[in-house]
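Starting from 1, each residue takes its place in the sequence as its number. Predicted, not measured: the structure shown is a model, and the values here were computed from it.
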Amino acid sequence: MHPGDLASTLVVFLEDRHGKALVRLPNGSKTSLPHECLDLVEVAENLPDHVSRDDLTSGPVRERYRRPAPSPSDPLLSTLAAAMAHLVAAVDTSTDEEASPDAASRWFEYPASLFHRLGAQDRHRLADLFRDAARKEPEGTWRDALLEVPEAFGLDEDDS
């Protein structure tokens, strides 16, 4: 291995912390990484008992569990997702006088139904776009509100 070569290692995701993934490294230490660095994501119970380095670099485990590589940046898609995330967060953080809960519920029924028609992979991609928009904001309550948008629409749920 030489400086500048790509390297990979298994980490265990612990939690989302301030918009980053807190992970445990093989040596037991913890660090935080941008979520987009985690491109091979699977629940540990679903993995075979032993996962080899070859499995992760070229084998069937990689192909089965690797998240799709992000497509080249699509400014229109990113802009629309950011606009939607900001709109949802603005309504969710408004007072009852600014936006009644009943009205807010009605406003989001149709987008929610459209999102749920998407396949799991597309819903996860949309959730990632919403989180990307949130991560562009400074840390604080507004960013936290934006990070809640994917969960509010159930975008991280798998098809049942």
Side-chain angles (χ1 to χ4, degrees), residues 1 3-53 55-57 61-75 77-95 99 101 104 108 111-112 115-116 118-160:
M1 181 170 283
D5 287 351
L6 292 177
S8 64
T9 187
L10 286 176
V11 297
V12 175
F13 174 79
L14 300 173
E15 65 184 41
D16 181 86
R17 184 166 294 168
H18 309 295
K20 290 191 173 187
L22 181 65
V23 298
R24 184 174 309 283
L25 300 172
N27 68 1
S29 65
K30 296 178 187 176
T31 191
S32 59
L33 302 167
H35 284 275
E36 53 271 13
C37 290
L38 304 177
D39 69 342
L40 180 66
V41 177
E42 182 54 44
V43 176
E45 295 85 44
N46 295 341
L47 289 171
D49 288 337
H50 175 73
V51 178
S52 74
R53 180 183 190 149
D55 289 335
L56 295 175
T57 57
V61 172
R62 174 188 165 106
E63 295 312 312
R64 181 170 176 203
Y65 297 111
R66 186 177 184 88
R67 287 193 333 201
S71 59
S73 178
D74 182 342
L77 191 56
S78 296
T79 300
L80 290 171
M84 181 71 182
H86 281 262
L87 176 62
V88 171
V91 171
D92 282 349
T93 59
S94 64
T95 65
F108 294 133
F115 297 158
H116 286 280
L118 295 171
Q121 185 175 351
D122 287 331
R123 285 195 314 273
H124 295 171
R125 184 170 174 230
L126 181 57
D128 288 341
L129 288 169
F130 286 156
R131 281 189 280 272
D132 289 345
R135 288 185 197 107
K136 291 177 183 172
E137 297 296 321
E139 290 187 20
T141 56
W142 181 247
R143 182 180 186 173
D144 293 343
L146 288 168
L147 286 169
E148 292 175 14
V149 171
E151 185 179 337
F153 283 109
L155 296 177
D156 289 318
E157 297 171 7
D158 289 325
D159 293 327
S160 304

Quiz item: Is the shortest distance from a Lys or Arg side-chain nitrogen in Arg131 or Asp156 to a carboxylate oxygen in the other one below 4.0 Å?
Solution: yes
Cut-off 3.5 Å, no hydrogens considered: what does the side-chain donor-acceptor table look like for residues 27-34, sequence neighbours left out?
{"from": "Asn27", "atom 1": "OD1", "to": "Ser29", "atom 2": "N", "distance (Å)": "2.9"}
{"from": "Asn27", "atom 1": "OD1", "to": "Ser29", "atom 2": "OG", "distance (Å)": "2.7"}

Quiz prompt | Minimum heavy-atom distance Trp142-Ala89, with the two atoms named | solution = CH2-CB, 3.6 Å
Practice problem: Please report the closest heavy-atom contact between Phe130 and Ala85, naming both atoms and the distance. | Solution: CD2-CB, 3.7 Å
Self-check item: Residues in salt bridge (charged side-chain N to carboxylate O under 4.0 Å, His left out) contact with Arg24, at least two apart in sequence or another chain
Solution: none
Distance-only donor-acceptor hits, side chain of residues 146-154, under 3.5 Å, sequence neighbours excluded:
none

Self-check item: Nearest atoms (heavy-atom pairs only) where Phe108 meets Leu87
Solution: CZ-O, 4.4 Å
Quiz item: What is the minimum heavy-atom distance between Arg143 and Pro138, and which atoms define it?
Solution: CB-O, 3.3 Å
Quiz prompt | Basic-acidic side-chain contact under 4.0 Å: Asp122, Arg125 | solution = no
Quiz item: Which heavy atom of His124 sits nearest a heavy atom of Glu157, and at what distance?
Solution: NE2-O, 3.6 Å
